[in-house]
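Every value quoted in this text rests on a predicted model; they were computed, and no experiment measured them.
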Amino acid sequence: MNLIRTLITLGAVFYIAVMLAQAAGNASVLVQAGIGIAVLAAAAVITWQRETLALKNAEMALLWASVLGFVVYALGGGLA
């Protein structure tokens with residue numbers, strides 16, 4: 001489990017760096033980058049939770065937030 005946590009954390013750090021670089025190069029994505037950074041940081045921090053019930057609840061909340069995000073995206077027609 002420790003390897004999974006480490007890989008998730010390293011992946012989050014990498015993508016946070018990518019989002020910061022994008023925001024630095026293009027100010028119009030600043031809000032989206034901020035939201036992405038907050039979500040990635042939360043996901044990485046949650047994996048280091050030691051209490052099993054709290055971890056399960058956080059995972060379920062993230063899962064349903066993802067489902068809700070896809071539903072909103074689909075109902076919005078993609079908003080291309």
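- In this structure, the separation between OG1 on Thr6 and CG on Leu10 is 6.5 Å, given to the nearest 0.5 Å.
- Here the side chain of Arg5 pairs a donor or acceptor atom with the backbone of Thr47 at under 3.5 angstrom.
- Cluster membership check: Tyr15 shares its hydrophobic cluster with Leu20, using side-chain heavy-atom separations under 4.5 Å among Ile, Leu, Val, Met, Phe, Trp and Tyr.
- Taken together through direct or relayed side-chain contacts under 4.5 Å among Ile, Leu, Val, Met, Phe, Trp and Tyr, Val18 and Ile37 form part of one hydrophobic cluster.
- In this structure, CD in Glu59 is found 10.5 Å from CD in Gln49, a value given to the nearest 0.5 Å.
- We find the CG-CD distance between Asn57 and Glu51 to be 8.5 Å, quoted to the nearest 0.5 Å.
- For Leu55 against Ile46, the heavy-atom pair with the smallest separation is CD1-O, 3.3 Å.
- Here Leu68 contributes atom CG and Leu63 contributes atom CG; the two are 11.5 Å apart, rounded to the nearest 0.5 Å.
- In terms of hydrophobic clustering, with Ile, Leu, Val, Met, Phe, Trp and Tyr side chains grouped at heavy-atom distances under 4.5 Å, Phe14 and Leu7 are assigned to different clusters.
- Considering only heavy atoms from C-beta on, Trp48 stays 4.5 Å or farther from Ile8 through its side chain.
- There is no path of hydrophobic side-chain contacts, each under 4.5 Å, that joins Met19 to Val29.
- If you chain together hydrophobic residues whose side chains sit under 4.5 Å apart, Val67 and Met60 fall into the same group.
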